[in-house]
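Report on the following structure.
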Protein chains: 2
Amino acid sequence: MATISDVAARAGVSTATVSRALNGKSTVDPELAARVLVAAEELGYHPNGLARNLRRQETAVLALIISDVENPFFTAIARGVEDLAQVSGYSVVLCNSDENEDKERRYIDVALQERVAGVVLSPTGRSTNVDRLRRQGTPVVAVDRPLTGPDGDQVLVDTRRAARDATRHLVAGGYRRIACLTGPAGVRTADDRLAGYLDAVGEENALFRRAEYRAEGARVAATELLELPDPPDALLVANSTMTIGVLETLASRGVRPGRDVGIVSFDDAPWTTLIDPPLTVVAQPAYEVGRVAAQLLLARITDGTRRPTTTTLEARLIERQSSRR
Amino acid sequence: MATISDVAARAGVSTATVSRALNGKSTVDPELAARVLVAAEELGYHPNGLARNLRRQETAVLALIISDVENPFFTAIARGVEDLAQVSGYSVVLCNSDENEDKERRYIDVALQERVAGVVLSPTGRSTNVDRLRRQGTPVVAVDRPLTGPDGDQVLVDTRRAARDATRHLVAGGYRRIACLTGPAGVRTADDRLAGYLDAVGEENALFRRAEYRAEGARVAATELLELPDPPDALLVANSTMTIGVLETLASRGVRPGRDVGIVSFDDAPWTTLIDPPLTVVAQPAYEVGRVAAQLLLARITDGTRRPTTTTLEARLIERQSSRR
DNA sequence: ATGAAAGCGCTAACAT
DNA sequence: ATGTTAGCGCTTTCAT
């Protein structure tokens with residue numbers, strides 16, 4: 001594999017000149033520069049990023065650690081991050097932590113080792129430890145869920161309020177016994193959505209179940225709720241993956257969404273308009289979350305002294321037919 | 001940020017010993033090793049991967065360049081690659097080429113620069129150029145779509161046969177005028193699925209449209225087909241993203257899937273059982289494609305002289321109700 | 001078993 | 001404007 005010295009030799013100049021020519025630095029004689037370019041081309045030269053980054057003490061790589069690559073909410077964030085990073089010349093390493101603190105920790109290690117320029121992270125759990133990153137001065141932006149401990153940059157969605165509004169919408173639709181299906185305790189979005197639900201129905205009317213943010217767990221929880229002596233007539237479901245489980249359960253029991261049981265789901269997945277009746281959803285600005293996070297991260301990379309910011313974006317209730325009888 | 005010399009100084013040994021101790025190399029006096037570990041711990045030392053890789057002339061990073069992060073088919077591949085890479089100590093950089101040859105080329109450059117150990121790639125187009133990777137000796141395995149030119153490792157799905165079987169299934173179901181909605185010309189999966197369809201209906205009965213592998217294009221194409229004087233009574237759709245567009249179009253025109261127009265779609269997306277009627281699909285072993293690709297890649301990384309392999313996996317027709325009247 | 005020293009490929013002072 | 005040189009942090013001969 002050709003190195004900078006090979007190019008220098010071929011062009012009859014020093015490696016320094018090659019470096020300068022290739023990086024468009026300072027003033028290099030146009031003729032020499034041309035010779036360098038030709039030589040590089042002929043040799044199929046590609047600069048060694050490792051050596052460059054080692055020397056420069058910086059990389060143009062961002063790590064994005066998300067909890068589920070198969071969840072459209074997170075892939076939309078990924079797109080947002082990527083689109084913004086891309087135009088600034090950064091590449092994005094997508095790491096899938098799988099809601100697993102071990103994998104998350106391992107990926108943080110990788111980020112540290114590879115000396116990435118910054119990290120966007122949707123913290124898996126209660127105990128996500130970003131201290132190691134902070135200690136090394138690697139900028140971090142949390143998305144979707146806040147980091148515990150001292151403040152850093154964050155991009156969140158006002159999900160409690162969204163849950164409250166969604167629940168009120170169900171109340172207004174005439175549903176009288178509304179249940180909430182949310183994620184595990186300690187996961188902030190799960191807790192917030194539950195809290196918003198409670199805001200709307202009041203503690204005394206609370207009926208909820210927790211499960212993993214997965215279809216499987218939601219099936220179990222939904223079955224439980226439906227088999228109650230006094231089953232709910234409406235469901236607020238905390239993410240679209242869970243909603244898949246819920247809808248399957250309803251279908252298998254012959255319970256009709258909307259008519260028999262009102263449904264509002266978080267996340268406007270692409271299929272929500274295809275089902276019958278179309279699903280009323282809380283649309284989160286996932287792409288925007290990603291973009292803003294990347295912006296914040298890049299800003300902090302260039303200026304480490306910025307004051308930490310928390311950006312809270314609003315979600316939007318999209319009323320379709322699953323919340324009408 | 002602490003370096004190996006800091007650790008060496010603190011432990012009162014040479015950097016060589018620190019390196020050996022930390023990498024569990026050869027025989028290091030247990031007592032010294034312990035001292036090194038303590039010193040490293042105290043300093044919060046994280047080895048600099050850049051320097052290590054530069055020296056070792058190798059990285060433990062794989063690049064995965066796929067054409068659409070939001071397509072469940074590709075995210076399933078990503079999972080497969082990641083799961084397998086992970087246990088071998090490799091991390092995976094996910095790059096989203098967006099069916100865009102420019103972005104694809106740029107990511108290939110990044111892979112080259114960062115000296116990744118290998119690349120898994122779903123080639124965007126006719127003219128994907130992997131020569132630069134090959135020339136540098138970076139192992140590449142193509143997934144989903146073959147690379148043009150001299151052979152390399154590939155993991156494909158027998159998608160032509162799957163399309164033929166799916167079409168025959170529609171014929172057997174009593175549909176008489178079956179149309180095919182496929183991707184752009186030159187994209188191998190699109191061409192193969194069309195070919196399989198033609199195998200089954202015969203050239204003389206051919207009725208097909210091409211569009212981007214997106215919901216939007218599929219909407220237009222579906223509308224066109226439905227407005228024909230002699231419209232189709234069944235549709236074979238080449239991917240699940242397009243199917244979303246098709247189903248929306250049908251719904252907006254009051255055409256009932258299955259009953260009025262039979263539907264078979266490629267890809268068993270998570271929502272396909274939720275719609276009414278449940279969707280008959282061609283399930284591709286995407287996760288498996290990813291796993292096998294990663295296996296091949298790792299094998300080639302350790303032994304560059306292996307003969308190139310093409311693995312072709314079978315797809316499976318899952319008969320549900322959208323292909324029955 | 002341990003240390004000294006070279007060098008991976010590049011960039012940035014510094015010198016000319 | 002160009003070349004010389006040092007050094008980024010690590011691993012790995014080569015001595016000892």
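The sequence lines fix the lettering, A, B, ..., with proteins before strands; numbering per chain opens at 1.
- A sub-4.0 Å separation between OP1 or OP2 of D:dT11 and a side-chain N or O of B:K25 is absent.
- For the residue pair A:Y287/A:D83, the side-chain donor-acceptor check at 3.5 Å is satisfied.
- To the nearest angstrom, P of C:dA5 lies 17 Å from CD1 of B:I4.
- The A:Q57 side chain lies nearest to D:dC8 when the options are D:dG3, C:dT11, D:dC8.
- Between B:L22 atom CG and D:dG9 atom P the separation is 16 Å, expressed in whole Å.
- For the pair B:E58 CD and D:dT11 C1', the computed distance is 11 Å after rounding to whole Å.
- Applying the salt bridge (Lys or Arg N to Asp or Glu O under 4.0 Å) rule to B:D109 yields the partners B:R132; only residues at least two apart in sequence or on another chain are considered.
- Residue B:R56 places at least one side-chain N or O closer than 4.0 Å to OP1 or OP2 of D:dT11.
- Distances were taken from every side-chain heavy atom of B:A51 (C-beta onward) to each of D:dC10, D:dT12, C:dG9; the shortest belongs to D:dC10.
- Distance CG (B:N23) to C1' (D:dT11): 8 Å, rounded to an integer number of Å.
- The side chain of B:T27 has C:dA1 as its nearest neighbour among D:dT12, C:dA1, D:dT11.
- Residues B:T124 and B:E104 bring a donor and an acceptor atom of their side chains to less than 3.5 Å of each other.
- Closest approach to the A:S14 side chain among D:dT4, C:dA5, C:dG9 is made by D:dT4 (side chain taken as heavy atoms from C-beta onward).
- Nearest nucleotide to the A:R20 side chain, out of D:dG3, D:dC10, C:dT11: D:dG3.
- Distance, A:M1 CE to C:dG9 P: 9 Å, rounded to whole Å.
- Formation of a donor-acceptor pair under 3.5 Å by the B:R135 side chain with backbone atoms of A:G44 is not found in this model.
- The nearest whole Å value for the distance from the CG atom in A:L43 to the C1' atom in C:dG9 is 15 Å.
- Across the protein-nucleic acid pair, B:Q113 atom CD and C:dC8 atom C1' stand 17 Å apart, rounded to whole Å.
- Across all strands shown, A:N53 has no heavy atoms under 4.0 Å from either base or sugar-phosphate atoms.
- Between A:R79 and B:D98 there is a salt bridge, with a side-chain nitrogen of the basic residue lying less than 4.0 Å from a carboxylate oxygen of the acidic one.
- You'll find that the side chain of B:N48 is closest to D:dG9, out of C:dT11, D:dG9, D:dT11.
- If you check every strand for non-hydrogen atoms under 4.0 Å, A:L32 touches sugar and phosphate atoms only.
- When distances run from any side-chain atom of A:T17 to the nucleotides D:dG3, C:dT11, C:dG3, the shortest one goes to D:dG3.
- Of the candidate nucleotides C:dG3, D:dT12, D:dG7, D:dT12 has the atom lying nearest to any side-chain atom of B:R55.
- Atom CG of B:L50 and atom P of D:dC10 are 10 Å apart (whole Å).
- Toward the 5' end of DNA chain C, the nearer of the two residues A:L54 and B:A16, judged by each one's closest nucleotide, is B:A16.
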